[in-house]
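See structure below.
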Amino acid sequence: MVVTIGTKHLRLQQGDITRVLADAIVNAANSDLMAGSGVDGAIHRAGGPKIAEQLKEIRERIGQCPAGDAVVTTAGNLPAKWIIHAVGPVYHPNAIGQEDLLASCYSKALRLASERGARIVAFPSISTGSFGYPTPDAARIAINTVGAFLREEPTSVAHAIFVLFDDKTFDAYKRAAAALA
């Protein structure tokens, strides 16, 4: 599914983000910036040790990366130039501000990609795995945030791709994207 936003495109596809041809891929990172499970683990395994080395240097400089923020490393062995490690919130029902934190990690990732001149950026579904964010809510926030950024911000990013691992997640993002179109 592709949604056209002016001269830019937001695309949904099902698959493995580590195999996507993009200038930057976004990692669903944890605040410790350590290899975890799910998308994070897959990116670290496929990208090789250079990613962990750069994250160690970043941790030594800044400590933890708070929810809603992101940092950039090399993509190591992946077919991208950069990995943007975006930290989404851990979901807690009725917690105040978690929607803003989730939106912020997408916006921050796009700003960091644009600062580097990236034209194609690939995203996973951030915070919906081990962080427990309900997928339909996360999809709505992600699609609306990325769509608004592409529509309103001057940016080098011309193509945003959501690479979604399973049918349930793909369907939730497809519903959210249909509402955007």
Does the pair V26 and V121 meet the rule for a side-chain contact (heavy atoms from CB on, under 4.5 Å), with working shown?
CA-CA 7 Å; V26 178; V121 180; 3.8 Å; yes

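- Cluster membership check: L110 does not share its hydrophobic cluster with I161, using side-chain heavy-atom separations under 4.5 Å among Ile, Leu, Val, Met, Phe, Trp and Tyr.
- Grouping the Ile, Leu, Val, Met, Phe, Trp and Tyr side chains by contacts below 4.5 angstrom, directly or via other members, places V157 with V3.
- Atom-to-atom distance recorded for H159:NE2 and I5:CD1 is 12.0 Å, nearest 0.5 angstrom.
- Once rounded to the nearest 0.5 Å, the distance linking NE2 of H85 with CD1 of I43 reads 7.5 Å.
- S114 approaches S156 most closely through the heavy-atom pair OG-N, 3.3 Å.
- Applying the side chain to side chain donor-acceptor pair (under 3.5 Å) test to every pair with at least one member in residues 46-59, sequence neighbours left out, gives no pairs at all.
- Summarising the geometry of S127 relative to P89, their closest heavy-atom pair is OG-O, 2.9 Å, with the distance given to 0.1 Å.
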Run the side-chain contact (heavy atoms from CB on, under 4.5 Å) check on W82 and T73 step by step: do they pass?
CA-CA 6 Å; W82 307 283; T73 66; over 6 Å; no

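- Side chains of I25 and I84 form no contact here, defined as non-hydrogen atoms less than 4.5 Å apart.
- With hydrophobic clusters built from ILVMFWY side chains whose heavy atoms lie under 4.5 angstrom apart, L101 does not share a cluster with V146.
- For the pair D69 and C105, the minimum side-chain heavy-atom distance is 4.5 Å or more.
- At least one side-chain heavy atom of R111 sits less than 4.5 Å from a side-chain heavy atom of F149.
- Listed by first and then second residue, the side chain to side chain donor-acceptor pair (under 3.5 Å) pairs that reach into residues 13-25 are R11-Q13, Q14-D167, D16-T18, sequence neighbours excluded.
- Between F162 and I143 there is a side-chain heavy-atom pair separated by less than 4.5 Å.
- For the pair Y173/K168, no side-chain contact is recorded, criterion being any heavy-atom separation below 4.5 Å from C-beta on.
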Just do the side-chain contact (heavy atoms from CB on, under 4.5 Å) check on L55 and M34 with the steps written out, would you?
CA-CA 8 Å; L55 285 172; M34 301 283 287; over 6 Å; no

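- Shown here for V20 and P79, the closest heavy-atom pair between the two residues is O-CG, 3.6 Å.
- Side-chain heavy atoms closer than 4.5 Å link hydrophobic residues (I, L, V, M, F, W, Y) into clusters, and following such links, possibly through other members, connects F170 to F123.
- Of all non-hydrogen atoms in T145 and I141, the two that sit nearest each other are OG1-O, 2.7 Å.
- Proximity of I51 to I83: side-chain heavy atoms (C-beta onward) are separated by under 4.5 Å at one or more points.
- One hydrophobic cluster holds both L150 and L112 under the rule that ILVMFWY side chains link at heavy-atom gaps under 4.5 Å.
- Heavy-atom minimum distance, T128 versus A138: CG2-CB, 3.3 Å.
- The shortest side-chain heavy-atom distance between N30 and V87 does not fall under the 4.5 Å cut-off.
- The minimum heavy-atom distance between A28 and P124, with the atom names listed, is N-CG, 4.1 Å.
- Within 6.0 Å of NZ on K8 lie more than 12 heavy atoms contributed by other residues, nucleotides or ligands.
- Taking CZ from R140 and OG1 from T135, the interatomic distance works out to 12.5 Å, rounded to the nearest 0.5 Å.
- Note that NZ of K108 is 8.0 Å distant from SG of C65, once rounded to the nearest 0.5 Å.
- For Y91 and F131, the ring centers are positioned 6.0 Å apart or more.
- At a threshold of 4.5 Å between non-hydrogen side-chain atoms, the residues L102 and D137 do not count as touching.
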Please walk me through it: do I58 and L33 pass side-chain contact (heavy atoms from CB on, under 4.5 Å)?
CA-CA 9 Å; I58 292 168; L33 300 174; 3.9 Å; yes

